[in-house]
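All of these numbers come straight from a predicted model, not from anything done at the bench. Basis for what follows: all heavy atoms, side chains included, without hydrogens, waters or symmetry-related copies. Letters go in sequence order (proteins before strands), and every chain restarts at 1.
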Amino acid sequence: MSLSATAPTRMNRIVIYGLLLIFAAVYLVPLFVMLATSFKTLDEIRGGNILALPAQPTIEPWARAWGSACIGVTCEGIKGYFWNSIKMVVPAVLISTALGALNGYVLTKWRFPGHRIVFGLMLFACFIPFQSVLIPMARVLGQLGISNSTAGLVMVHVIYGLGFTTLFFRNYYDAFPDELIHSAQMDGAGFLTIFWRILLPSSAPIIVVTVIYQFTNIWNDFLFGVSFSSGANAPMTVALNNLVASSTGVKEYNVDMAAAVIAALPTLIVYVVAGRYFMRGLMAGAVKG
Amino acid sequence: MAFVEIQQVQRRIGVLQILKGIDVSLEKGGFLVLLGPSGCGKSTLLNAIAGLQPPTSGDILLDGESITGLHPSKRDIAMVFQSYALYPNMTVAQNVGFPLEMAGIAKAQRDADILSVAKTLQIEHLLDRKPAQLSGGQRQRVAMARALVRKPRLFLFDEPLSNLDAKLRVEVRAEIKRLHQQTGATIIYVTHDQIEAMTLATKIVVMKEGAIQQTGTPAEIYNRPANMFVADFMGSPPMNMLAGKVSADGRALVPDAEPGSLLPLPHVLAPGQRVVLGIRPENIGVEGGSLRLDLPVEVVEPTGSDIFLWLRFGTALISARLAATESPTVGDRLSVALDMARAVVFDEATGGRID
Amino acid sequence: MPSPSPSARSRLQDWLPRLVLAPSFALVLVFVYGFIVWTGVISMTNSRILPVYNWVGLDAYARLFAQPNWWMALKNLAIFGSLYITICIALGLFLAILLDQKIRIEGFLRPIYLYPMALSFVVTGTAWKWFLNPGMGFQNTMRQWGWEGFTFDWLVRPDMAIYTVAIAGIWQASGFVMAMFLAGLRGIDSEMLNAATVDGASSWTIYRRIVIPLLRPAFLSAVIVLAHMAIKSYDLVIALTGGGPGNATELPSTFMYSYTFTRSQMAVGSASAMIMLMGIAAIMVPYLYSELREGRK
Ligand SMILES: Nc1ncnc2c1ncn2[C@@H]1O[C@H](COP(=O)(O)OP(=O)(O)OP(=O)(O)O)[C@@H](O)[C@H]1O
Ligand SMILES: [Mg+2]
């Protein structure tokens with residue numbers, strides 16, 4: 001909406017644009033500082049101004065962050081952890097999305113007595129503080145022999161992501177006309193055929209949203225990573241925190257920042273490439289219906 | 001000078017010319033209907049009068065003074081919107097009282113005014129409800145009450161009936177007519193329904209693609225349409241149009257649909273000229289008329305009060321309106337009479353009426 | 001070859017949907033609700049390093065609320081939560097209203113306000129930790145620019161550190177709140193605003209009397225989302241302040257983690273987790289209930 005009639009004066013427009021641009025600058029400063037610092041030498045950082053551009057840009061900190069920075073006792077950079085995160089994110093996103101699609105399908109098109117209770121319980125599960133399941137989860141992972149492993153983290157992320165993926169698909173399929181299902185049933189199609197041939201082919205938008213949402217959430221997760229993994233098996237976020245928090249040796253701020261940018265890169269890229277869907281995912285996760 | 005004067009109003013959005021120089025005038029107490037197909041710029045013109053979308057050029061005068069530069073709230077104009085635009089967070093009474101409140105009128109006076117307008121529109125019992133708890137017709141009344149309560153110099157209505165069902169539309173139409181007669185208000189009313197236009201207006205402006213096609217009384221517009229667009233737009237089913245060539249003596253038309261026949265023209269024209277002859281369905285009957293034709297009946301559409309017939313005339317179909325007492329059957333040949341004195345002729349190239 | 005009888009097959013078709021849903025639902029029942037009960041049970045024992053099942057009733061809760069540290073965490077959550085929610089909403093609404101004035105570069109500005117939401121809290125914490133570093137960060141830069149007396153050392157001041165957590169949190173989430181409000185604003189019928197203009201309302205009055213009341217659902221969603229994130233936020237504090245200096249930025253989430261996994265007070269940690277759960281349930285259950293019911297009509 002906009003108030004077209006109350007044509008704001010020129011002065012008003014200038015003030016509005018000015019405020020918007022100032023805020024834009026404020027939002028950009030931390031990213032700018034991260035990037036600028038990551039290309040500076042330590043000498044320049046010690047003597048310098050964080051808002052200044054690097055005087056002699058160097059990619060050395062990036063190389064160190066990726067390949068040789070010390071995290072804990074090993075000095076092999078964050079690359080291993082980066083791959084840990086990838087190995088964790090990809091299966092967790094795929095499995096939770098696939099299950100969410102099936103659940104959403106059942107909960108909208110094959111309703112059974114009690115389906116609302118089932119959905120309500122799955123929905124509330126999205127919002128619990130994970131602290132209330134950490135201790136039992138740690139025990140169970142230990143008993144299953146997958147504690148401190150990528151497989152364990154995949155399982156955790158699938159389980160605690162199910163609520164959201166189900167929610168997304170449920171809301172999407174809810175708007176899908178029942179007539180289509182009924183006519184397919186009359187044509188002799190069964191449960192799985194209808195899903196495979198009719199619903200899934202028109203689910204691309206919600207699949208994109210769900211995948212982006214899950215990808216961002218799981219990539220950015222810290223609590224599960226730090227609780228259920230350690231050492232060389234930790235995901236990226238945990239490694240970044242260990243790198244930054246480690247107090248041994250000289251504090252290499254430029255390497256810290258390079259590592260932070262690397263950790264942020266995948267989700268930022270998703271955001272830049274698919275911002276519209278990213279937004280829709282956040283909103284769907286925030287505002288249910 | 002008339003009470004409302006719209007002079008050469010243009011509106012451009014980017015390269016789009018939405019209004020192409022509109023001239024309209026309206027006397028005090030008049031009821032002007034802006035009529036035209038969807039997207040022709042009716043709402044844009046109304047919004048220009050209200051001040052919501054200022055014209056890019058041209059002038060609008062109210063009671064002799066230019067209001068073009070004034071803020072909408074300073075124009076003393078009230079408007080009823082298509083969606084009614086009731087404030088959902090306020091009760092009916094608050095909605096109706098809102099313009100008074102904005103004008104800084106004291107609470108006691110406000111309440112009295114709200115009650116009096118609510119009585120006029122018979123919505124007293126709804127005053128404490130929220131808009132969501134009202135039916136479509138009731139919402140419409142509240143929107144009118146909100147406009148009426150200010151006693152403005154000019155009322156604007158933007159398709160106020162288009163969201164109502166057919167029966168309600170007829171009722172509210174009569175209500176608006178009654179209010180106009182009772183209060184003597186000056187009204188500009190937008191619609192694309194030609195029946196609304198015919199029943200309500202003292203003056204009709206027919207628009208197309210941002211330009212005026214014709215201005216006149218309902219009777220003028222209906223009986224003497226300025227061009228083929230207006231002729232086609234007014235009336236349902238629309239006027240029959242038969243293209244052809246004027247005969248050698250200039251007194252008849254040789255229609256393309258049936259080159260073997262001669263249709264007498266209402267007035268003499270240049271021989272050989274390409275023209276279109278228009279005749280309304282109700283000017284084709286079983287009795288009277290100046291021209292008789294024997295035509296096969298192809299379709300019969302009874303509407304209850306009338307019967308519409310589609311008659312085969314060479315390659316064309318001609319519609320005729322008969323009294324419901326007639327009982328033609330499909331396939332019969334029917335002898336119909338065309339009242340050629342009421343026919344109109346248009347230049348085929350320009351579309352304009354030829355007198 | 002014996003084929004399944006039609007009735008058996010159709011019975012399978014009848015049950016297939018439920019069979020497909022069952023594993024997911026079972027996982028949620030066990031791993032969410034079962035584990036919550038389990039945590040609840042542990043909170044009523046005297047478990048320390050490992051769970052033991054000696055029933056001691058509400059003893060751990062008593063010990064929890066006797067901990068000054070826990071009170072510190074609650075106080076910090078109150079400060080952080082209230083600042084985070086109110087400022088995010090105020091700022092988000094302000095930016096949304098500004099952006100809604102037919103701004104030509106909206107498409108350029110919106111992503112700038114929003115991108116922090118794509119970042120991990122750990123990254124946000126790391127960036128702000130560096131930016132607010134009194135020795136080499138922003139404070140130092142201002143001094144270099146000639147403002148000798150400039151001081152912004154909240155990060156290392158126990159009484160102020162919690163406000164830096166709020167600042168970083170607001171930076172991250174306010175753009176998202178802006179987007180929620182902007183979506184709400186875009187959903188308002190423009191005819192209604194035209195009507196109010198014709199009725200003589202000023203823009204300020206239109207916002208105050210009509211637009212902001214109509215944004216109620218957006219306000220509600222924003223409060224719920226932000227309250228939920230505030231209670232859960234863990235990573236941000238860990239990365240920014242590590243809970244310090246001292247315990248100055250302790251939050252219930254960090255309290256739970258450290259008591260459970262590093263201080264070997266598992267029963268107390270579980271009790272704190274249960275309190276967090278109750279806090280979130282008090283907010284989410286009524287909200288979800290009303291949302292699900294509205295979805296019905
Ligand atoms: N903001 C805009 N930008 C570009 N074109 C516009 C804009 N607003 C209106 N138009 C165009 O101006 C023309 C006139 O619109 P207007 O709303 O006045 O039509 P209308 O006659 O009221 O139609 P309807 O009967 O459907 O309400 C339309 O062709 C529309 O596409
Ligand atoms: Mg219109």
Side-chain angles (χ1 to χ4, degrees), chain B residues 13 43-44 46-54 67 70-91 94-105 130-132 139 142-150 152 154-160 162-163, chain C residues 89-90 92-94 96-97 100-108 180-224 287 290-297:
Chain B
I13 300 179
S43 300
T44 309
L46 211 61
N47 286 341
I49 300 170
L52 295 167
Q53 295 180 24
I67 55 167
L70 282 183
H71 188 270
S73 59
K74 303 281 185 299
R75 298 184 176 206
D76 197 11
I77 291 176
M79 186 159 173
V80 177
F81 292 84
Q82 184 169 1
S83 66
Y84 314 141
L86 300 180
Y87 312 126
N89 52 322
M90 302 184 196
T91 63
Q94 286 166 337
N95 261 286
V96 175
F98 189 74
L100 302 177
E101 193 187 331
M102 292 299 116
I105 290 167
K130 289 275 179 73
R139 280 179 212 180
V142 174
M144 288 207 293
R146 194 173 66 188
L148 272 179
V149 77
R150 296 170 55 184
L154 177 63
F155 287 92
L156 306 177
F157 285 81
D158 192 354
E159 309 202 25
S162 60
N163 285 333
Chain C
I89 285 181
L93 182 61
F94 180 66
I97 289 178
D100 199 33
Q101 308 301 317
K102 295 212 171 119
I103 300 300
R104 256 168 228 262
I105 50 171
E106 183 192 328
F108 163 79
M180 287 170 85
F181 281 123
L182 197 58
L185 287 172
R186 295 280 147 86
I188 293 177
D189 176 12
S190 64
E191 264 196 0
M192 192 137 54
L193 307 172
N194 282 341
T197 311
V198 173
D199 284 349
S202 64
S203 334
W204 165 240
T205 311
I206 294 176
Y207 274 107
R208 196 169 48 87
R209 295 285 304 278
I210 296 164
V211 173
I212 293 182
L214 288 181
L215 288 178
R216 249 188 58 175
F219 272 100
L220 185 64
S221 306
V223 169
I224 298 284
Y287 178 66
S290 70
E291 286 270 331
L292 281 181
R293 273 175 59 110
E294 267 170 38
R296 288 291 81 201
K297 64 171 195 225

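- Residues B:Tyr87 and C:Asp199 bring a donor and an acceptor atom of their side chains to less than 3.5 Å of each other.
- The side-chain hydrogen bond (donor to acceptor under 3.5 Å, both in side chains) test applied to B:Ser83 returns C:Asp189, C:Glu191, not counting sequence neighbours.
- Contact annotation for B:Glu101: only side-chain heavy atoms (C-beta onward) come within less than 4.5 Å of a heavy atom of chain C.
- Proximity to chain C is limited to the backbone of B:Ala78, based on heavy atoms less than 4.5 angstrom apart.
- Atom CZ in B:Arg146 sits 5.5 Å away from atom CG in B:Leu86 (nearest 0.5 Å).
- Residue C:Arg216 does not touch chain B at all, counting heavy-atom pairs closer than 4.5 Å.
- In this structure, the separation between CD on B:Gln53 and OG on B:Ser43 is 8.5 Å, given to the nearest 0.5 Å.
- In this structure, the portion of C:Leu214 lying under 4.5 Å from any heavy atom of chain B is its side chain and not its backbone.
- Atom CG of B:Asp76 sits about 11.5 Å away from atom NZ of B:Lys74, to the nearest 0.5 Å.
- With a 4.5 angstrom heavy-atom cutoff, B:Leu100 does not touch chain C via any of its atoms.
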